[in-house]
Amino acid sequence: MARSDEAAAFFHAVYSAVQEIPHGKVTSYAHIATLVGSPQRPRQVGMCMKHLSSDASHRFNNANVPWQRVINSKGVISPRSQPGGAQNQAEALRDEGVQVTRGAMGELMVDFDEYGWFPRVLPSEAVGDEAWKGSNGEEEGE
């Protein structure tokens with residue numbers, strides 16, 4: 001089924017935003033939703049990631065959108081419906097130098113204090129000296 005124009009625009013915005021996450025950093029579904037102007041839609045960001053194409057002929061695909069850099073707001077790699085999905089994401093992050101640990105319940109986790117990326121606006125939309133939140137939520141340079 002074809003996507004509506006609104007859905008296609010949302011997918012485009014999400015994939016474009018995810019492409020701006022720096023190598024070796026992670027952010028949350030909720031933060032991507034906020035950056036694209038839809039803070040109430042973090043689950044839809046997750047759906048975008050789930051439906052990211054593996055076909056390199058598509059404009060956005062898993063080779064040019066760093067899907068592995070988006071995790072849940074608790075710093076946990078969300079379980080995937082396919083076997084080994086969370087482990088694959090953890091391995092992709094480890095390949096970028098991100099330390100992935102196991103939580104008390106066995107979940108795969110990333111420390112936002114060390115690896116988090118939470119700008120106030122996307123770098124491509126920043127104007128002048130626009131401040132951004134560092135990984136610990138403080139203004140850069142504080």
Side-chain angles (χ1 to χ4, degrees), residues 3-142:
R3 291 185 187 139
S4 69
D5 289 344
E6 180 182 357
F10 184 75
F11 272 71
H12 185 279
V14 166
Y15 293 151
S16 295
V18 171
Q19 286 178 321
E20 295 193 46
I21 303 169
H23 180 89
K25 294 292 183 180
V26 296
T27 198
S28 68
Y29 300 103
H31 194 69
I32 293 296
T34 297
L35 289 173
V36 301
S38 297
Q40 73 284 9
R41 297 176 73 186
R43 288 180 188 237
Q44 286 79 6
V45 171
M47 291 303 293
C48 291
M49 296 295 97
K50 181 178 180 178
H51 293 289
L52 182 61
S53 178
S54 60
D55 184 342
S57 70
H58 289 146
R59 178 175 183 180
F60 296 109
N61 60 72
N62 62 11
N64 67 18
V65 176
W67 55 273
Q68 70 276 12
R69 298 177 189 161
V70 186
I71 61 177
N72 79 23
S73 61
K74 294 178 183 176
V76 174
I77 295 174
S78 299
R80 305 281 181 249
S81 56
Q82 67 271 25
Q87 189 60 46
N88 291 342
Q89 186 171 3
E91 286 305 314
L93 288 169
R94 287 181 182 119
D95 288 346
E96 294 188 14
V98 174
Q99 183 179 10
V100 179
T101 60
R102 288 228 178 244
M105 302 295 286
E107 68 276 20
L108 296 166
M109 303 186 70
V110 176
D111 182 358
F112 278 139
D113 286 339
E114 187 169 351
Y115 300 103
W117 182 78
F118 299 96
R120 290 187 181 188
V121 296
L122 288 166
S124 63
E125 297 175 357
V127 177
D129 250 0
E130 206 158 0
W132 64 284
K133 289 184 194 175
S135 61
N136 59 6
E138 295 178 359
E139 299 294 326
E140 184 176 69
E142 286 188 352

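Numbering starts at 1 and runs along the sequence shown. What you see below is based on every heavy atom in this structure, not just the backbone, and it leaves out hydrogens, waters and symmetry mates. What you are looking at is a predicted structure, and each value in this text was computed from that prediction instead of being measured.
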How close do [X] and [Y] get, heavy atom to heavy atom, and via which atoms?
X      : Y      : result
Pro119 : His31  : O-NE2, 2.9 Å
Met109 : Gly103 : SD-CA, 3.6 Å
Pro66  : Val18  : CG-O, 3.3 Å
Asn72  : Ser78  : CB-OG, 3.7 Å
Pro39  : Thr34  : CB-OG1, 3.6 Å
Ser28  : Val70  : C-CG1, 3.9 Å

Checklist entry - Can you check whether Leu52's main-chain N or O pairs, donor with acceptor, with Asn62's side chain at less than 3.5 Å? => result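 Not at all, since once roles are kept as given, no pair shorter than 3.5 Å links the two residues.
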Checklist entry - Is the backbone N or O of Ser124 less than 3.5 Å from a side-chain atom of Glu20, with the two atoms forming a donor-acceptor pair by type? => result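 Flag set: sc Glu20 to bb Ser124 pair under 3.5 Å.
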Item to check | Glu96 and Arg69: CA distance, side-chain angles, deciding distance, salt bridge (Lys or Arg N to Asp or Glu O under 4.0 Å) verdict | outcome: CA-CA 10 Å; Glu96 294 188 14; Arg69 298 177 189 161; 2.9 Å; yes
Next on the checklist: Out of the candidates His58, Gln19, Arg59, only one should pair with Val65 under the side chain to side chain contact (heavy atoms under 4.5 Å, CB included) rule; please name it.
Outcome noted: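 Answer to the side chain to side chain contact (heavy atoms under 4.5 Å, CB included) test with Val65 among His58, Gln19, Arg59: Gln19.
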Next on the checklist: Quiz question: by atom type and distance under 3.5 Å, do the side chains of Ser57 and Asp55 form a donor-acceptor pair?
Outcome noted: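 Yes.
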Checklist entry - Is it the case that Ser38 and Gln44 place a side-chain donor and acceptor less than 3.5 Å from each other? => result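 The criterion, which ignores hydrogens and geometry beyond distance, is not satisfied for Gln44 and Ser38.
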[Y] side chain reached by [X] side chain, heavy atoms, under 4.5 Å:
X      : Y      : result
Leu35  : Glu125 : no
Leu93  : Leu108 : no
Arg43  : Tyr29  : no
Asp111 : Thr101 : no

Checklist entry - Aromatic rings Phe60 and Tyr15: how do their planes relate, parallel, tilted or perpendicular, breaks at 30° and 60°? => result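 Because their plane-to-plane angle lies in the 30° to 60° range, the rings of Phe60 and Tyr15 count as tilted.
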Next on the checklist: Classify the ring geometry of Phe11 against His51: parallel below 30°, tilted from 30° to 60°, perpendicular beyond 60°.
Outcome noted: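 The arrangement is tilted - the two ring planes meet at 30° to 60°.
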Checklist entry - Is it the case that more than 12 heavy atoms not belonging to Glu6 sit under 6.0 Å from its CD atom? => result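 Counting neighbours around CD of Glu6, 12 or fewer heavy atoms of other residues, nucleotides or ligands fall under 6.0 Å, so no.
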Next on the checklist: Counting only heavy atoms not in Asp5 (residues, nucleotides, ligands), do more than 12 fall under 6.0 Å from its CG?
Outcome noted: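 12 or below, so no.
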Checklist entry - Distance from Tyr115 atom OH to Ile21 atom CD1, nearest 0.5 Å? => result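 So the OH of Tyr115 and the CD1 of Ile21 are separated by 16.0 Å.
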Next on the checklist: Would Phe10 and Arg41 count as a side chain to side chain contact (heavy atoms under 4.5 Å, CB included) here? Give the steps.
Outcome noted: CA-CA 10 Å; Phe10 184 75; Arg41 297 176 73 186; 3.7 Å; yes
Checklist entry - Step by step, would you call Met49 with Val14 a side chain to side chain contact (heavy atoms under 4.5 Å, CB included)? => result CA-CA 9 Å; Met49 296 295 97; Val14 166; 3.8 Å; yes
